[in-house]
Amino acid sequence: MTDRLIIFDTTMRDGEQSPGASMTKAEKIRIAKALERLKVDVIEAGFPIASPGDFEAVQAVARTIKDCTVCGLSRTGDADIDRAYEALKDAPSYRIHTFIATSPIHMVNKLKMAPDEVLEAAIRAVKRARNYTNDVEFSCEDSSRSEFEFLAKVVEAVIAAGATTINLPDTVGYAVPEQYGAFIRRLRETVPNSDKAVFSVHCHNDLGLAVGNSLAAVMNGARQVECTINGLGERAGNASLEELVMAVRTRKDYFPCETRIETTEIMNCSRLVSTITGFPVQPNKAIVGANAFAHESGIHQDGVLKHRETYEIMRAQDVGWNSNRIVLGKLSGRNALRTRLKELGIEFAQEADFIDTFKRFKDLADRKTEIYDEDLQALVSDTEISAANERVQLVAMRVASETGKTPQAELTLAIDGVEHRTASEGDGPVDAAYRAVEALMKSGVRLQLYSVNAITTGTDSQGEVTVRLERAGRIVNGQGADTDIIVASVKAYLNALNKVLYPTPREHPQTGQV
Ligand code: KIV
Ligand code: ZN
């Protein structure tokens with residue numbers, strides 16, 4: 001008998017808590033649709049009480065997704081739970097996920113609550129959530145550093161109060177596989193009503209053990225794993241969805257469970273999350289890294305050609321490598337574009353946005369003969385940025401770069417619709433362009449990261465630029481894509497600058513910081 005392993009995706013909640021990885025409503029809808037095609041069981045769409053924008057994004061996901069349970073996070077307070085319900089209530093299937101920390105270090109220093117108060121808050125929260133739905137998840141934050149007897153008491157009490165999933169996070173990535181697996185088993189065996197709930201794990205990757213710990217828990221009876229695309233998440237990230245799913249699938253002989261994941265959608269989700277958040281995937285990342293299936297060395301190639309299994313334990317096409325390489329070009333019309341976008345799960349609510357994307361597509365096809373799915377995703381991101389009507393926008397630019405001369409940039413920017421010209425010199429064309437922006441905006445930001453990635457192969461590829469800006473401790477990412485990488489660089493800088501200059505305040509669910 002194989003059990004079902006529930007895949008709970010938290011890319012849009014824990015993943016979004018990565019500094020700079022915040023997502024707009026439109027981006028969340030796009031990712032949610034991709035996750036629906038991937039057939040995850042639960043999509044944690046956000047923390048609705050964090051801000052009005054977060055609420056709207058969770059609500060939009062709840063109203064869009066039909067084939068997955070949509071989940072919202074809440075602390076134990078009444079207002080949090082009510083807000084989560086309001087955001088989720090239109091989904092065909094929804095879950096309220098409430099949590100409180102149970103470790104001494106968190107209770108004393110963060111919550112400033114006695115264990116009995118924590119227990120009471122947990123029970124009350126679960127009961128309140130149960131008034132709204134039968135699907136209630138309760139998490140004991142920092143469970144792996146909690147005192148076992150107290151933890152068991154909390155788990156028993158919240159199951160009695162109606163929690164249907166019990167999540168045991170390794171919040172700070174402290175656990176090691178054997179110990180964590182034994183911990184899950186012991187808890188299931190100790191708590192008298194443990195058979196009334198699904199046991200779930202949520203592991204962070206601070207010691208690089210998130211996937212290993214999650215799999216050890218699965219071997220000890222956990223039947224839900226919380227994970228993220230590309231392992232995105234707080235600090236070193238969460239357990240990576242693609243690694244967990246492919247481990248369980250590839251080692252069916254070992255793991256007594258299966259998922260309903262459509263693995264051929266993995267690459268699509270990986271690229272999309274990377275494009276939207278600006279967090280590139282390292283080339284040697286398992287499953288989704290560019291080298292994951294590239295058998296570079298001569299010896300390996302020979303082996304693979306003779307007999308694939310010599311060096312390959314999975315097939316690249318099973319995780320979606322190469323499957324979405326349908327090319328559009330200069331002669332492709334609206335229908336071809338609409339059809340391919342639909343196949344990628346992208347449909348615009350406003351026809352004007354499709355027409356805008358089509359114009360961008362034609363413009364790109366004039367400069368680049370073959371248009372790949374990755375190009376289309378970048379075009380859609382561009383449309384979403386322009387539909388968001390950012391307050392500072394690029395109108396035109398000219399950059400001069402010549403051997404032996406100092407690079408110069410002249411830019412026209414529109415600020416709230418009013419055009420301004422600005423110019424500067426710099427160490428290179430990007431530097432000159434960024435200095436020109438700053439000569440006008442005087443934002444006081446610090447550039448923490450600048451990276452360019454070719455979206456596809458070939459010298460006509462669009463360059464996808466990510467910048468990370470910091471001001472007064474706040475970090476944001478910006479993205480831009482264009483066949484001209486200086487233009488892409490300016491787009492990315494302005495995308496980030498808009499977020500820094502005109503922030504939408506939101507509360508962090510765990511630290512409470514705004
Ligand atoms: O890491 C953690 O403990 C969490 C909880 C809020 C589930 O993300
Ligand atoms: Zn977490």
Side-chain angles (χ1 to χ4, degrees), residues 6-19 21-22 42-50 54 58 69 71-77 80-81 83-84 95-107 109-111 118 121-122 125-126 129 135-146 151 154-155 158 163-175 180 183-184 187 197-211 213-214 217 222 224-241 244 506-513:
I6 297 167
I7 301 296
F8 176 114
D9 179 276
T10 183
T11 307
M12 297 197 285
R13 198 280 295 169
D14 212 317
E16 199 192 22
Q17 286 173 213
S18 268
S22 70
V42 186
I43 296 176
E44 188 166 49
F47 175 48
I49 205 167
D54 285 77
V58 176
T69 295
C71 175
L73 184 69
S74 78
R75 292 164 300 198
T76 49
D80 273 49
I81 292 167
R83 196 79 176 135
R95 171 182 295 186
I96 297 178
H97 176 189
T98 180
F99 77 99
I100 193 163
T102 48
S103 66
I105 191 167
H106 275 233
M107 291 190 290
N109 299 302
K110 182 179 87 171
L111 299 174
V118 167
V126 169
D135 191 348
V136 174
E137 172 167 334
F138 179 78
S139 287
C140 307
E141 190 189 7
D142 205 19
S143 77
S144 52
R145 292 192 301 170
S146 300
L151 188 68
V154 173
V155 170
V158 292
T164 44
T165 301
I166 296 297
N167 186 36
L168 299 154
D170 181 28
T171 303
V172 291
Y174 182 70
Y180 190 59
F183 159 72
I184 298 294
L187 205 54
V198 172
F199 276 60
S200 164
V201 288
H202 172 115
C203 296
H204 280 271
N205 207 26
D206 301 66
L207 293 173
L209 295 171
V211 171
N213 283 332
S214 305
Q224 173 176 288
V225 282
E226 302 199 349
C227 44
T228 56
I229 301 290
N230 299 337
L232 196 69
E234 285 267 18
R235 308 180 307 279
N238 289 66
S240 129
L241 180 148
L244 282 171
R506 59 203 307 234
E507 199 174 346
H508 187 291
Q510 289 162 272
T511 62
Q513 276 167 351

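Here the structure is a predicted model, which is why all the values come from computation and not from measurement. We use all heavy atoms of the structure for the numbers below, so side chains are in, but hydrogens, waters and symmetry mates are not. In this chain, numbering begins with 1 at the start of the sequence shown. Every number for a ligand or one of its atoms is a count from 1 in the order of the listing.
Between the side chain of Lys110 and the backbone N or O of Gly512, no donor-acceptor pair lies under 3.5 Å. When atom types are taken as modelled, the side chain of Ser240 and the backbone of Asn230 share no donor-acceptor pair closer than 3.5 angstrom.
Counting heavy atoms closer than 4.0 Å to ligand 1, residue Gln510 contributes side-chain atoms (C-beta onward) but none from N, CA, C or O. Residue contacts with ligand 1 for His202 involve side-chain atoms from C-beta outward but no N, CA, C or O (heavy atoms, distance under 4.0 Å).
In summary, the atoms of ligand 1 found under 4.0 Å from a heavy atom of Glu141, numbered by their order in the structure, are 3 (O).
Around the Zn ion (ligand 2), the protein contributes the following N, O or S atoms under 2.8 Å, ordered by chain and number: Asp14 OD2, His202 NE2, His204 NE2.
Between Arg13 and ligand 1, at least one pair of N/O atoms sits closer than 3.5 Å. For ligand 1, one of its N or O atoms has an N or O atom of His204 under 3.5 Å away. Among the atoms of Asp14, some N or O lies under 3.5 angstrom from an N or O of ligand 1.
Ser200 and Asn167 share a donor-acceptor pair across their side chains, judged by distance under 3.5 Å alone. In the model, Glu226 has no side-chain atom that pairs as donor or acceptor with a side-chain atom of His97 under 3.5 Å. Using a 3.5 Å distance cut-off with no hydrogens or angles, the side chains of Asp170 and Ser144 do pair a donor with an acceptor.
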I'd like to know whether Arg75 forms a side-chain contact (heavy atoms from CB on, under 4.5 Å) with Phe99, so could you lay out the CA-CA distance, the side-chain angles of the two residues, the decisive distance to 0.1 Å, and finally the verdict.
CA-CA 5 Å; Arg75 292 164 300 198; Phe99 77 99; 3.8 Å; yes
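Contact check for Ser74 versus Ile96: side-chain heavy atoms found under the 4.5 Å cut-off.
Nearest protein neighbour of atom 3 (O) of ligand 1, counting heavy atoms only, is Thr171 OG1, 2.6 Å.
Among Asp135, Thr69, Thr10, the single residue meeting the side-chain contact (heavy atoms from CB on, under 4.5 Å) criterion with Val42 is Thr69. For the side-chain contact (heavy atoms from CB on, under 4.5 Å) test with Asn238, the passing option among Arg13, His204, Gln17 is His204; the others fail.
Not close to ligand 1: Glu234, with no non-hydrogen atom less than 4.0 angstrom away.
Partners of Leu207 according to the side chain to side chain contact (heavy atoms under 4.5 Å, CB included) rule, which considers only residues two or more places apart in sequence or in another chain, are Leu209.
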